[in-house]
Amino acid sequence: MMRNLIAACLLSSVVASPALAADAKRSTFGAMPDGRPVAAVTLSNGKGVSTTIIALGASLQALTMPDRDGKSDDVQIGYDSIDGYLTKPEFFGATVGRVANRIAKGRFTLDGKTYSTPVNNGPNSLHGGTKGFDKVLWEVTQVKSGPTASVTLRYVSPDGDMGYPGTLTTYATYSLDEQNRLIIDYRATTDRPTVVNLSNHAYWNLAGVGNPCGAMGHVLTIPAERYTPTDATSIPLGQHASVAGTVFDFRNPTVIGDRVRDARDPQILYGRGYDHNWVIGDRVTSDQHLMARVVEPVSGRGFELWSNQPGLQFYSGNFFDGTIKGKKGQIYRMGDAIVMEPQLFPDAPNQPSFPSVRLAPGQTYRNTMTYRLFVEKR
């Protein structure tokens, strides 16, 4: 049935306009409630790819790329104006932290002291709490054109922010080059021991914003032999499970929609689809490795995602319920987009067997992810 849907879907897009090679342009994307302007920077290359980053949440607001016929579409769902990001943010394209993903019951112990962060996802804390890094205004510190266009943003999270210890200084750099590589680089330092796990929450629909097919026809590959099963509140149980013979096996290219509703697996019931961590490695590495490959077969648009992180959280957009009006006036429904978040494992502060999220003074946290954008020919 899903394959028939893919065959029936037709792309609705516009012809790409010529782009300046490796160019970076500043603009303003509305204002905060207190009147502060929200800076925006658009990066573009000579291949027809462009992306806009806004200072609210250091967020990826748009990414336009051509299909196999040279027609361009925005492949990031979200909002056309600042209003939606302020009233119903949904983490669209945002930098999430100070600790991305979930912390059980919003509590963790560090160096013998217990800390609490606000609960905002059932009984747990999600993406840093009620006012995580996605909901604050970052400062644009550098904009560069050249062989690679880039923008760097900074946010200083004070000691005690959302209950986390230590003053954390974080930089987010977005870069776009002529090889159609979108690179997101996060770095952070602290003045006291703390916990850090940053990621980007971009929502991808490679068919294009407004396309009624959504993202369930995308073909996904994840080179992981294991994943971390969760309880009913999406907190990992602490062990790894083999993907072999399960709906979590994406080692070969698989249409997402073929198994996303397979309720014979209780894990799918817990997340109302996929909202799980795949185990790519057991530690942060000095270089990047392949995390996932995604292709939308009608348009041919795709990307390979590379990162230095050991975990990949794949979320299949399960909680969109038709109450959000987004870009082009589209109502977002379940499965309209997917999220791929390279990161450390969920609830890592409470899971001693997981790679550590502890950051001490003198250390630098780093999460680098690269989207290698491509178009498959027929």
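Sequence positions, counted from 1, serve as the residue numbers for this chain. Quick note: numbers below take in every heavy atom, side chains included, and nothing from hydrogens, waters or symmetry partners.
Although no hydrogens or angles enter the test, the distance criterion places no donor-acceptor pair under 3.5 Å between the side chain of Gln239 and the main chain of Thr228. Thr130 places no side-chain N or O within donor-acceptor distance of the main-chain N or O of Pro118, the cut-off being under 3.5 Å. One N or O on the side chain of Asp347 and one on the backbone of Ala104 form a donor-acceptor pair closer than 3.5 Å. The main-chain N or O of Ala244 is found under 3.5 Å from a side-chain atom of Ser242 such that the two form a donor-acceptor pair. With hydrogens and angles disregarded, no donor-acceptor distance shorter than 3.5 Å links the side chain of Tyr79 to the backbone of Lys325.
Of the charged side-chain nitrogens involved, at least one lies within less than 4.0 Å of a carboxylate oxygen, so that Arg154 and Glu139 count as a salt-bridged pair. Residues Lys131 and Asp161 are not paired through a salt bridge, judged by the lack of any N-O separation under 4.0 Å between the basic side chain and the carboxylate. In summary, Arg333 and Asp321 do not engage in a salt bridge, as defined by a charged side-chain N under 4.0 Å from a carboxylate O. A salt bridge is absent between Asp80 and Lys328: the closest approach of a Lys/Arg side-chain nitrogen to an acidic carboxylate oxygen does not fall below 4.0 angstrom. Asp67 and Lys71 are not joined by a salt bridge, as no carboxylate oxygen comes within less than 4.0 angstrom of a charged side-chain nitrogen.
Within the 4.5 Å cutoff, side-chain heavy atoms of Asn277 are placed close to those of Pro346. Put simply, the side chain of Asp265 reaches to within 4.5 Å of the side chain of Val247, judged on heavy atoms. No side-chain heavy atom of Met369 sits under 4.5 Å from any side-chain heavy atom of Ile183. The closest side-chain heavy-atom distance from Met340 to Leu312 is below 4.5 Å.
Here the two rings, on Tyr186 and Tyr174, have centers that are 6.0 Å apart or farther.
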For side-chain hydrogen bond (donor to acceptor under 3.5 Å, both in side chains), just list the numbers for Thr285 and Asn308, CA-CA rounded to whole Å, side-chain angles, deciding distance to a tenth of an Å, and then say yes or no.
CA-CA 5 Å; Thr285 57; Asn308 64 339; 5.8 Å; no

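In this structure, Glu304 places its CD atom where more than 12 heavy-atom neighbours from other residues, nucleotides or ligands lie under 6.0 Å away. At most 12 heavy atoms of other shown residues, nucleotides or ligands fall within 6.0 angstrom of atom CD1 in Ile331.
Remark: the Ser150 side chain and the Ser175 side chain contain no N/O donor-acceptor pair separated by less than 3.5 Å. Side chain to side chain, Ser157 and Arg98 meet the donor-acceptor criterion of an N or O pair below 3.5 Å. Residues Thr368 and Asp185 bring a donor and an acceptor atom of their side chains to less than 3.5 Å of each other.
Take His201 and apply the ring pair (Phe, Tyr, Trp, His ring centres under 6.0 Å) test, not counting sequence neighbours, and it matches Phe91, His127, Tyr203. Every residue two or more places apart in sequence or in another chain that forms a ring pair (Phe, Tyr, Trp, His ring centres under 6.0 Å) with Tyr155 is listed here: Phe133, Trp138. Evaluation of the salt bridge (charged side-chain N to carboxylate O under 4.0 Å, His left out) rule for Arg283 yields no partner, not counting sequence neighbours. Legend: residues meeting side chain to side chain donor-acceptor pair (under 3.5 Å) with Thr42, ordered by chain and number and at least two apart, are Thr52. In this structure, Lys135 has no salt bridge (charged side-chain N to carboxylate O under 4.0 Å, His left out) partners at least two apart in sequence or on a different chain. Residues meeting the ring pair (Phe, Tyr, Trp, His ring centres under 6.0 Å) test with Tyr227, sequence neighbours left out: Phe248. The salt bridge (charged side-chain N to carboxylate O under 4.0 Å, His left out) search around Glu90 returns none, not counting sequence neighbours. Checked against salt bridge (charged side-chain N to carboxylate O under 4.0 Å, His left out), Asp69 has the following partners two or more places apart in sequence or in another chain: Arg378.
With Thr51 as the fixed residue, the side chain to side chain contact (heavy atoms under 4.5 Å, CB included) test singles out one of Leu43, Leu373, Thr64: Leu43.
Chaining together hydrophobic side chains whose heavy atoms lie under 4.5 Å apart leaves Tyr270 on its own. Here Phe374 is tied into one hydrophobic group with Val295, each link being a pair of ILVMFWY side chains closer than 4.5 Å. Its side chain within the 4.5 Å cluster rule, Trp306 clusters with Leu290 among the Ile, Leu, Val, Met, Phe, Trp and Tyr residues.
Note on residues 101-127: pairs passing salt bridge (charged side-chain N to carboxylate O under 4.0 Å, His left out), not counting sequence neighbours, are Arg102-Asp275, Asp111-Arg358.
Using a 30° and 60° split on the angle between ring planes, Phe319 and Tyr315 fall in the parallel class, below 30°.
Within the model, atoms CG of Asn124 and CD1 of Ile103 stand 9.5 Å from one another, a figure rounded to the nearest 0.5 Å. Here the CG atom belonging to Leu269 is positioned 12.0 Å from the CZ atom belonging to Arg264, to the nearest 0.5 angstrom.
Remark: Arg259 qualifies as a cation-pi partner of Phe250 under the 6.0 Å distance and 45° angle criteria applied to the six-membered ring.
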